[in-house]
Amino acid sequence: MGKAQLLDCTLRDGAYLIDKKFGNSVIHGIISGLVQAKIDFIEIGFLQDDGFGEGKTVFKNSQEAKKFIPSNKEKTMFTVLADCSRYSISNLDKCTEDSIDAVRECFFKNELSQAIDNCKKIKAKGYKVFVQPVDILGYSDIELLELIKNVNQIEPYAFSIVDTFGSMYEEDLQRIYSIIDHNLVSECQIGFHSHNNMQMSNALSQAFIRMAQGTRNVIIDGTVSGMGRGAGNTPTELIAQYMVSKLGYDYNMDAILDIIDGYMDNIRAMCKWGYSTPMFLAGCYSSHVNNLTYLMQKSSIHSKDIRFILNKLKPEERKRYPYDLIEQTYLDFLQSDIDDNDALNFLQQTFLRKKIVVIAPGKSSKEYASDIQQFITKNKAIVLTVNFVHDSINSDYIYMSNSKRYAYWNQEDSFRKSKKILTSNIINTQSTNNRIIVSFTRLVKCGWEHLDNSTILLLRLLDLLDISGIYIAGLDGYSYCQNGDLNYAAQHLELSNVKENPMELNHEIHEMLSDYKKTRKSNCEIKFITPSRFANIFEDNDG
């Protein structure tokens, strides 16, 4: 007793990042490399009722999985994962020596009864069965004991500690391992599947091996390069190196490094994973990574704001991804109950029947600065810049609804002296001589990820006023930038989320502008005075 083994689940857990489609040659190559590395278990994908496709690690039964199993398995065993809610065990055929050896049954707490029944059927068909309860930290000690009692009835091959949200510290692992070790049938191995949100995966995996030495056989999950959603998983190469250098195991490290060189660097070019501040917050609050990804799309949100929003959600809400609830919580966070009627009356008098030039911070606002200035002078227009101070054009007001932009520019003396129109998510106070505060929630509209786009919020504000025309500059749209190209007027204005999904962002802005055109109350003229991807929206404007 006390032996440790490695299970690599790159082709399963890593598959979430690429729609489970590695491609046949990559799948074969990774499997071949892991067999050469003498990895004990290779998880080659999912058992599902649907979602199949060429080059995907998704299978309906063992015969479909068989195409990726080498004729000579060496000493490696092959596994697949079956999600209780996504796979009908009736589709599973009987175990044969030339295909998968084990099935890992994954389930939520409320699916326990069905999962236990599935495990019995999996075992009856000749497979080794792994019991994989989602979110082990979500079980109280009493619930965990009840779970083990049910598991003992089926005497599975392994029972796994799954740190679904990457929230564990060593003390947590020690407590849970002790409960399981003292109550689980002795023949059953204990597995550990960790996520790296707190950058603890490798250390916890090492500690897990030490906890079990001399008492229990254990299985540690890893993925090559730590590939997995969000922060990723325990890197197979790190835990293998620990076992080789400190415990005398004979894993072939060169074979693992060949997988990294041959495949993982390429895969990293298509998707990303690894530690980040949002993933740290996901770990802190045991939150599904999709919640963090969703919130990070809000261009003006701070990390501490995300922390506040997650804290407002109930624990069970954080573990799924209830986007409508998160959106409402986000809006509630931003909402401030200011009475902005005086501010709107002031703007109405100031802008009455005037032409308004709105200058967004796109690259064209700098490239066409001379033309923009000529238009302003000729039309005696009021100038509003959006979230930035223009290098060469003086603005009558700087409009800001992005708190990050405000924090940046508020360090500049010229900005502090300028007249400003601010939304209440930035400053929840009354208007003063040089700043006008308007209600954020008056301007925001749900239905889009980037619902807080500052230029569109400003257009909605102007729609409340009696003006003669709106002339837009610098709202260019976005493109993939290479070799130092910019989407914005200056490098310090660039945003990382724009670089990753510019076409999606363009589509959403187009939808929001189209909605604005259909629903606006005013019939004043709207025109773009610099080139823009969105100019055609208002070309047939008959204001």
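Every value quoted in this text rests on a predicted model; they were computed, and no experiment measured them.
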query = Under the side-chain hydrogen bond (donor to acceptor under 3.5 Å, both in side chains) test, which residues partner Glu508, sequence neighbours left out?
reply =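 Testing Glu508 for side-chain hydrogen bond (donor to acceptor under 3.5 Å, both in side chains), a comparison that skips the adjacent residues, returns His450.
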message = Centre-to-centre under 6.0 Å for Phe208 and Tyr177, is that the case here?
response =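 Centroid distance Phe208-Tyr177: below 6.0 Å, so yes.
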Donor-acceptor check, side chain of [X] to backbone of [Y], threshold 3.5 angstrom: yes or no?
{"X": "Asn217", "Y": "Gln189", "answer": "no"}
{"X": "Asn453", "Y": "Thr455", "answer": "yes"}
{"X": "Ser160", "Y": "Val162", "answer": "no"}

Atom [atom1] of [X] with >12 non-hydrogen neighbours under 6.0 angstrom:
{"X": "Asp324", "atom1": "CG", "answer": "no"}
{"X": "Lys246", "atom1": "NZ", "answer": "no"}
{"X": "Lys94", "atom1": "NZ", "answer": "no"}
{"X": "Arg175", "atom1": "CZ", "answer": "yes"}
{"X": "Tyr169", "atom1": "OH", "answer": "no"}
{"X": "His28", "atom1": "NE2", "answer": "yes"}

Answer yes if the side chains of [X] and [Y] hold a donor-acceptor pair under 3.5 Å, and no otherwise.
{"X": "Gln241", "Y": "Tyr251", "result": "no"}
{"X": "Tyr127", "Y": "Ser62", "result": "yes"}
{"X": "Glu54", "Y": "Asn24", "result": "yes"}
{"X": "Ser167", "Y": "Ser286", "result": "yes"}
{"X": "Asp49", "Y": "Ser88", "result": "yes"}
{"X": "Asn197", "Y": "Tyr275", "result": "no"}
{"X": "Ser205", "Y": "Thr234", "result": "yes"}
{"X": "Ser201", "Y": "Ser194", "result": "yes"}
{"X": "His195", "Y": "Asp163", "result": "no"}
{"X": "Gln114", "Y": "Asn118", "result": "yes"}

Please name the pair of heavy atoms, one in [X] and one in [Y], separated by the smallest distance, quoted to 0.1 Å.
{"X": "Leu281", "Y": "Leu292", "value": "CB-CD1, 4.1 Å"}
{"X": "Gly55", "Y": "Ile27", "value": "O-CD1, 3.5 Å"}
{"X": "Glu155", "Y": "Lys123", "value": "O-NZ, 2.8 Å"}
{"X": "Pro156", "Y": "Cys188", "value": "O-SG, 3.5 Å"}
{"X": "Lys109", "Y": "Gly138", "value": "NZ-O, 2.8 Å"}
{"X": "Asn152", "Y": "Asn183", "value": "ND2-O, 2.9 Å"}

query = Between Val35 and Phe78, is a side chain to side chain contact (heavy atoms under 4.5 Å, CB included) present by the stated rule, with each step listed?
reply = CA-CA 10 Å; Val35 170; Phe78 287 81; 4.0 Å; yes
Test: [X] and [Y] ion pair at under 4.0 Å:
{"X": "Lys298", "Y": "Asp305", "value": "no"}
{"X": "Glu74", "Y": "Lys38", "value": "no"}
{"X": "Asp98", "Y": "Lys66", "value": "yes"}
{"X": "Asp181", "Y": "Arg216", "value": "yes"}
{"X": "Lys60", "Y": "Asp93", "value": "no"}
{"X": "Asp476", "Y": "Arg533", "value": "no"}
{"X": "Lys75", "Y": "Asp40", "value": "no"}
{"X": "Arg229", "Y": "Asp13", "value": "no"}

Phe46 six-ring face occupied by Lys20 cation (under 6.0 Å, within 45°) =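 Yes, a cation-pi geometry.
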How far does [atom1] of [X] sit from [atom2] of [Y], to the nearest 0.5 angstrom?
{"X": "Glu43", "Y": "Ile100", "atom1": "CD", "atom2": "CD1", "answer": "10.0 Å"}
{"X": "Leu331", "Y": "Lys445", "atom1": "CG", "atom2": "NZ", "answer": "13.5 Å"}
{"X": "Lys121", "Y": "Glu105", "atom1": "NZ", "atom2": "CD", "answer": "10.5 Å"}
{"X": "Lys304", "Y": "Thr277", "atom1": "NZ", "atom2": "OG1", "answer": "14.0 Å"}
{"X": "Glu170", "Y": "Leu204", "atom1": "CD", "atom2": "CG", "answer": "7.0 Å"}
{"X": "Asn233", "Y": "Thr223", "atom1": "CG", "atom2": "OG1", "answer": "4.0 Å"}

request  = Determine the interplanar angle of the Phe130 and Phe41 rings, folded into 0 to 90°, and report it as parallel if under 30°, tilted if 30 to 60°, perpendicular if over 60°.
outcome  =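 Judged by the thresholds at 30° and 60°, the geometry between Phe130 and Phe41 is perpendicular.
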ask   = Mind checking what makes ring-ring contact (aromatic ring centres under 6.0 Å, His included) contact with Phe280, not counting sequence neighbours?
value =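 If we apply the ring-ring contact (aromatic ring centres under 6.0 Å, His included) test to Phe280, skipping adjacent residues, there are no hits.
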ask   = Are Val289 and Met279 close enough, and set up right, to give a side chain to side chain contact (heavy atoms under 4.5 Å, CB included), and what steps lead you there?
value = CA-CA 7 Å; Val289 296; Met279 295 307 108; 3.6 Å; yes
request  = Determine, step by step, whether His288 and Thr164 satisfy the side chain to side chain contact (heavy atoms under 4.5 Å, CB included) criterion, reporting the C-alpha distance in whole Å, the side-chain angles of both residues, the deciding distance to 0.1 Å, and the verdict.
outcome  = CA-CA 8 Å; His288 197 288; Thr164 302; over 6 Å; no
task = Assess whether side chain to side chain contact (heavy atoms under 4.5 Å, CB included) is satisfied between Arg104 and Leu7, documenting all intermediate values.
result = CA-CA 12 Å; Arg104 304 213 290 175; Leu7 184 154; 3.7 Å; yes
